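What follows is one structure encoded as structure tokens, with my remarks underneath.
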Amino acid sequence: MSDHPARWTQATVYPDMWADPDDDPRDSEGPGPDGELPTLQEYLSDYRLTLRMKCEGLDAEQLARRSVPPSTMSLLGLLRHLAEVERDWRNWITDGEPLPKLYGKRDADFDGAVAEQAVVDAAYADLEREQAATDAALAAHTDLGERLGKDGISVRSLLVHRIEEYARHCGQADLLRECIDGRVGQ
């Protein structure tokens with residue numbers, strides 16, 4: 001008997017996937033979007049959805065479960081971290097006063113990820129709100145070469161950085177989820 005969960009999937013066609021391709025909400029038939037901006041936006045949207053898929057069906061305790069000591073990483077911590085990061089990206093593109101941190105001091109996004117349903121609900125609400133606010137702030141800047149904020153970051157660089165951040169954390173979420181209940185990622 002092992003303390004580790006057996007690997008599982010709900011897919012029937014490809015057993016190493018979470019879901020069959022026909023049931024995957026990220027997959028769309030036909031050609032991809034036209035143009036660089038719509039392509040970047042689609043990748044970002046898909047990674048955001050992937051993170052949510054990796055968290056779905058878990059309770060507060062499972063979402064808050066830490067990886068391995070001394071790490072404070074958990075799926076709930078990743079949700080909170082990405083809400084914090086979305087807010088910080090808006091600070092990159094403004095010349096005004098920076099928005100305050102959502103969760104306080106550095107690493108509070110992970111440290112405060114405790115197994116309480118109110119914390120889980122707040123994390124999802126924070127992430128949704130911050131994503132929408134950052135999307136809205138960037139919507140006015142459709143020229144990918146435009147430089148924004150005090151440091152003059154290009155819209156393109158910010159979009160690519162956002163995709164990279166979500167992609168990296170989705171990889172970590174794969175491992176966290178598999179340790180929780182054996183569900184494998186795709």
Side-chain angles (χ1 to χ4, degrees), residues 17-18 21 24-56 63 67 71-113 120 122-177 185-186:
M17 292 184 166
W18 288 47
D24 191 334
R26 298 165 299 179
D27 292 335
S28 58
E29 294 295 321
D34 289 328
E36 187 179 5
L37 180 58
T39 299
L40 293 171
Q41 290 169 329
E42 184 174 287
Y43 270 87
L44 178 61
S45 177
D46 284 350
Y47 276 118
R48 286 173 168 175
L49 183 54
T50 298
L51 181 67
R52 286 189 171 272
M53 290 171 70
K54 292 180 185 309
C55 295
E56 72 185 14
L63 286 168
S67 58
S71 176
T72 58
M73 186 175 293
S74 66
L75 289 169
L76 180 56
L78 287 175
L79 293 172
R80 289 165 50 97
H81 171 71
L82 286 164
E84 191 77 77
V85 169
E86 287 280 356
R87 175 172 279 219
D88 197 40
W89 284 326
R90 285 200 313 285
N91 288 333
W92 292 9
I93 63 175
T94 184
D95 293 322
E97 283 297 311
L99 296 165
K101 289 205 166 283
L102 282 174
Y103 305 112
K105 67 177 178 59
R106 183 175 171 85
D107 293 332
D109 40 3
F110 287 101
D111 293 336
V120 171
Y124 278 113
D126 291 345
L127 182 58
E128 225 172 276
R129 181 189 66 246
E130 297 302 321
Q131 287 172 337
T134 304
D135 291 346
L138 284 172
H141 306 283
T142 56
D143 175 358
L144 296 175
E146 182 181 358
R147 299 207 169 262
L148 306 171
K150 295 176 280 247
D151 295 328
I153 187 169
S154 73
V155 173
R156 177 182 292 105
S157 291
L158 182 58
L159 285 169
V160 170
H161 186 74
R162 291 170 83 196
I163 293 165
E164 179 272 334
E165 183 87 10
Y166 278 91
R168 183 166 35 93
H169 291 314
C170 281
Q172 294 163 332
D174 273 340
L175 298 173
L176 289 164
R177 180 65 189 250
Q186 74 190 52

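Just so we're clear, the structure is a prediction, and the values are computed from it rather than from any experiment.
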(message) How close do P98 and N91 get, counting heavy atoms only, and between which atoms?
(response) CA-OD1, 3.2 Å

(request) Report yes if the side chains of E36 and R156 come closer than 4.5 Å at any heavy-atom pair, otherwise no. (result) yes

(request) Determine yes or no for a side-chain-to-main-chain donor-acceptor pair under 3.5 angstrom, with T39 supplying the side chain and G35 the backbone. (result) yes

(message) As an exercise, state the distance from CG of L40 to OG of S45, rounded to the nearest 0.5 Å.
(response) 12.5 Å

(request) Name the orientation class of the two ring planes belonging to W89 and W92 (parallel below 30°, tilted from 30 to 60°, perpendicular beyond 60°). (result) perpendicular

(message) Using 0.5 Å steps for rounding, measure from the CD atom of E130 to the OG1 atom of T134.
(response) 6.5 Å

Counting only pairs under 3.5 Å, give me each side-chain donor-acceptor contact of residues 103-113, with atom names and distances, residues two or more places apart or in other chains.
from	atom 1	to	atom 2	distance (Å)
Y103	OH	D126	OD2	2.7
D109	OD2	H81	ND1	3.0

(request) Can you measure from NZ (K54) to CG (L175) and round to the nearest 0.5 angstrom? (result) 9.0 Å

(message) Any heavy-atom pair between the side chains of L158 and L148 that's under 4.5 Å?
(response) no

(message) For a quick test of reading the model, state the closest non-hydrogen atom pair linking L76 to A123 and the distance between them.
(response) CD1-CB, 3.6 Å

(request) Indicate yes or no: at least one non-hydrogen side-chain atom of Y47 is less than 4.5 angstrom from one of L51. (result) no

(request) Give the C-alpha distance, both sets of side-chain angles, the deciding distance and a yes or no for side chain to side chain donor-acceptor pair (under 3.5 Å) between S154 and R147. (result) CA-CA 4 Å; S154 73; R147 299 207 169 262; 4.5 Å; no

(message) Under a 4.0 Å threshold between the charged nitrogen and the carboxylate oxygen, would R168 count as salt-bridged to E164?
(response) yes

(message) Measuring from atom CG of L79 to atom OH of Y124, what distance do you get when rounded to the nearest 0.5 angstrom?
(response) 5.0 Å

N/O donor to acceptor pairs below 3.5 angstrom from side-chain atoms of residues 136-145, sequence neighbours left out:
from	atom 1	to	atom 2	distance (Å)
H141	ND1	E146	OE1	3.1
H141	ND1	E146	OE2	3.0
D143	OD1	G145	N	2.9

(message) Between R162 and D135, does any side-chain N to carboxylate O distance fall below 4.0 Å?
(response) yes

(message) For a quick test of reading the model, state the closest non-hydrogen atom pair linking G96 to K150 and the distance between them.
(response) O-NZ, 3.6 Å

(message) Checking the side chain of T50 only, and the main-chain atoms of D46 only, is there a donor and an acceptor separated by less than 3.5 Å?
(response) yes

(request) Kindly give the heavy-atom pair with the smallest separation between S74 and G77, and that separation in Å. (result) OG-N, 2.9 Å

(request) Considering only NZ, NE, NH1 and NH2 on the basic side and carboxylate oxygens on the acidic side, decide whether E86 and R48 come within less than 4.0 Å. (result) yes

(request) First locate atom CZ of R90, then atom CG of D88, and finally report the distance between them rounded to the nearest 0.5 Å. (result) 9.5 Å

(request) Find out whether L176 and L78 are in side-chain contact, i.e. whether some heavy atom of one side chain is under 4.5 Å from a heavy atom of the other. (result) yes

(request) Taking R177 for its side chain and L75 for its backbone only, find out whether a donor-acceptor pair lies under 3.5 Å. (result) no

